[in-house]
Amino acid sequence: MSADFAIQYGKLIEWLLARRVIPEDYTKLLSAVQARISEAQKEQFTDEVARAVISEHGDNVHYLAAKRIYEAILNSPEGQSKTLLGGHTHAGAAKWKAVLDAYRRRHLGWASAARFLIQNVSYEMAALTKHAAFCERQVQDCTTRQADLDRQEANATARYCELLNDLGIEGFNFRKELRQRSGQDLRALSREALDLLRQVGQETVTCYQIFAEYAAGRPLDGEVLPFIRALLGEELPSMEALEHQVPDFRSLRAERGKNTSLESQEAEMDHSGLPKTDGAIKELDGIDWGITCTDDGSGINWNFEEEKEVSAEAEAGVSSGIDWSAVSFEGVEIAVEGTVDEVDGESPFLADAAARELLAREVAEAVAFLSERSADLAQGGAASEEYGPKIEQSLAEVETLWKTMVKLENLLSSRSTQRLVLLASSKRYLDRTAKRVEMAQSQCGKSASRKAELEKVKAEQLLEVKRSRAETKQLQSVIREVKEDLEAELTAHFKSNVRILNTA
């Protein structure tokens, strides 16, 4: 034998053409062979092995595939039935023999095998490998996104639990629990405010009154911090008693009652700006606002009187408008749902908007006075007329009063207090808070469906990876067999070892 031949699989056809082993018009001749294959595939065989081999190769019948098919047919009853001259009596066997003969004529089978190697190694194998790698990346992406969704769900659950803890509810019936919790907290807040007020209220009022009388030059009985003075009793007076004792409180409640009536009427307006004239305006959950519409639709009878006191029913309602802490509640809606009912005979006085506002005013006034008085005493002017009358309290005692009143002021104007007041007085704020909790709750289970979808995608992609790898393995086996058979025939023809490279 001469030297070995090492041929790149992609150059195999050029190498065969250069040695004039295959004709230059091999593509045209292979098309004619393909027509013969189509005719042969129409024939039926009773032998199961022959049918299986034909079905295995399908439409991709190259030279070596035709050899295996004909070998299987020769072992079948149809292939063994021959004439005296050696020809096949079965038409299918004769047609498959004609296909094999066509491949062997002018070595067209080698061109067919070479084309098979080039097509499958350069394209099919690369496509399967690329598809498997793409599916594996999809699986990794799904796993990463599932981990992200797990983190998002954990964060959403943590935020939801934190929100429930912040609002002090369990999360079964949001609106009902918010109303109950706000009522309980507002009662506790009222008790705490009263405790602080009773600790230093009397001394603060006395100190302030001495200074105010000195500045005014006349007695000021009951004119200094009247609302705080009214709250200093052992028992909290009713709203009616407070109105009787503090005229400013009565006027403020009356003014808020009028504002509430106006807002109720505005809510009854339609888009044209005209009031609805369908009879008397319905009462809001039993509260008589004193507003009626005339039967002829000419207008609204407000029935307002300047000096008329508000009814006991209106006193129990919660007003809207500018709150005592100078914070606007931006159109708080009024509804009995937001009122805080009595529990064991206890009704929180801070549930009344007028009481909150008036108390905040007087506390702020007392804080300002005690602050200035502490500064005066710090300069040593306690006994000097320049700094006011001589008082019995020392600097330390006045500072203690100031610190306690500042604590009370901060308690009344804190963000948590504002939230409690809004929850107790505003149906809109209550609904918005409940909606916020509902949205936080919905975020907790939102990722479950998405994770299930990703899991389904992962399963599909894993199946694709498995299928691609199986096809790749099977195709590699076929390529190896075709290569070995082709190398054997070329070696026998050229009487030298012929090796086809880079097919793996």
Side-chain angles (χ1 to χ4, degrees), residues 9 12 26 29-83 85-105 107-129 131-132 135 460 462-492 500 503-504:
Y9 77 92
L12 187 55
Y26 70 94
L29 298 174
L30 286 177
S31 299
V33 175
Q34 191 63 39
R36 289 176 177 270
I37 292 173
S38 300
E39 291 295 328
Q41 286 177 335
K42 296 178 182 179
E43 301 296 333
Q44 299 296 326
F45 294 89
T46 59
D47 186 69
E48 295 183 359
V49 176
R51 288 204 308 268
V53 174
I54 295 173
S55 176
E56 176 185 352
H57 293 284
D59 294 333
N60 189 19
V61 181
H62 50 85
Y63 168 54
L64 299 176
K67 281 178 62 175
R68 291 187 178 85
I69 291 174
Y70 184 65
E71 290 173 359
I73 292 174
L74 285 179
N75 295 326
S76 67
E78 290 86 351
Q80 293 176 359
S81 177
K82 296 183 179 181
T83 63
L85 298 177
H88 291 285
T89 59
H90 190 271
K95 289 180 180 180
W96 279 110
K97 185 178 185 303
V99 169
L100 186 57
D101 292 341
Y103 270 134
R104 286 173 173 169
R105 189 178 302 117
H107 305 298
L108 288 177
W110 295 351
S112 172
R115 289 178 63 179
F116 175 83
L117 290 177
I118 294 172
Q119 172 68 28
N120 286 275
V121 175
S122 299
Y123 302 104
E124 297 297 332
M125 284 285 295
L128 288 172
T129 303
H131 181 65
C135 292
E460 293 175 353
L462 287 173
L463 287 177
E464 282 294 311
V465 171
K466 186 177 180 180
R467 183 187 63 80
S468 297
R469 287 177 176 172
E471 290 184 7
T472 301
K473 187 176 180 180
Q474 181 181 2
L475 186 57
Q476 286 175 340
S477 177
V478 174
I479 289 173
R480 185 167 53 252
E481 292 177 2
V482 172
K483 173 194 169 191
E484 292 174 354
D485 289 347
L486 184 57
E487 285 177 342
E489 291 197 12
L490 292 176
T491 297
I500 302 174
T503 57

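Just so you know, these numbers use all the heavy atoms, side chains as well, and skip hydrogens, waters and symmetry mates.
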[Y] side chain reached by [X] side chain, heavy atoms, under 4.5 Å:
{"X": "Trp96", "Y": "Ile54", "answer": "yes"}
{"X": "Glu489", "Y": "Arg104", "answer": "no"}
{"X": "Val478", "Y": "Val482", "answer": "yes"}
{"X": "Val53", "Y": "Glu71", "answer": "no"}
{"X": "His90", "Y": "Phe45", "answer": "yes"}
{"X": "Arg115", "Y": "Tyr26", "answer": "yes"}
{"X": "Val121", "Y": "Lys483", "answer": "no"}
{"X": "Glu124", "Y": "Leu475", "answer": "yes"}

Please indicate whether [X] has more than 12 foreign heavy atoms, meaning atoms of other residues, nucleotides or ligands, lying under 6.0 Å from its [atom1].
{"X": "Gln80", "atom1": "CD", "answer": "yes"}
{"X": "Lys67", "atom1": "NZ", "answer": "yes"}
{"X": "Gln44", "atom1": "CD", "answer": "no"}

Check: [X] side chain, [Y] main-chain N or O, donor-acceptor pair, under 3.5 Å:
{"X": "Ser76", "Y": "Ile73", "result": "yes"}
{"X": "Arg51", "Y": "Thr46", "result": "yes"}
{"X": "Ser112", "Y": "Tyr63", "result": "yes"}
{"X": "Thr89", "Y": "Ser81", "result": "yes"}

Nearest atoms (heavy-atom pairs only) where [X] meets [Y]:
{"X": "Ala40", "Y": "Lys95", "result": "CB-CB, 3.8 Å"}
{"X": "His88", "Y": "Ala94", "result": "CB-N, 3.9 Å"}
{"X": "Ala132", "Y": "Ser468", "result": "CB-CB, 3.9 Å"}

Problem - Working for side chain to side chain contact (heavy atoms under 4.5 Å, CB included), residues Arg68 and Glu481 - result: CA-CA 12 Å; Arg68 291 187 178 85; Glu481 292 177 2; 3.4 Å; yes
Separation of [Y] [atom2] from [X] [atom1] (nearest 0.5 Å):
{"X": "Ile37", "Y": "Asn60", "atom1": "CD1", "atom2": "CG", "answer": "9.0 Å"}
{"X": "Gln476", "Y": "Thr472", "atom1": "CD", "atom2": "OG1", "answer": "6.5 Å"}
{"X": "Leu12", "Y": "Glu487", "atom1": "CG", "atom2": "CD", "answer": "9.5 Å"}
{"X": "Ser38", "Y": "Gln41", "atom1": "OG", "atom2": "CD", "answer": "6.0 Å"}
{"X": "Tyr103", "Y": "Leu30", "atom1": "OH", "atom2": "CG", "answer": "6.5 Å"}
{"X": "Glu471", "Y": "Arg467", "atom1": "CD", "atom2": "CZ", "answer": "4.5 Å"}

Exercise for the section: Report the C-alpha distance between Asn120 and Tyr9 in whole Å, list the side-chain angles of each, state the deciding distance to 0.1 Å, and finish with yes or no for side chain to side chain contact (heavy atoms under 4.5 Å, CB included). Expected result: CA-CA 11 Å; Asn120 286 275; Tyr9 77 92; over 6 Å; no
Exercise for the section: State whether Asp101 and Arg105 are salt-bridged, where the test is any N-O pair (Lys NZ or Arg NE/NH1/NH2 against Asp/Glu carboxylate O) under 4.0 Å. Expected result: no
Practice task
Please work out whether the ring planes of His62 and His57 are parallel, tilted or perpendicular, with thresholds of 30° and 60°.
Solution key: perpendicular
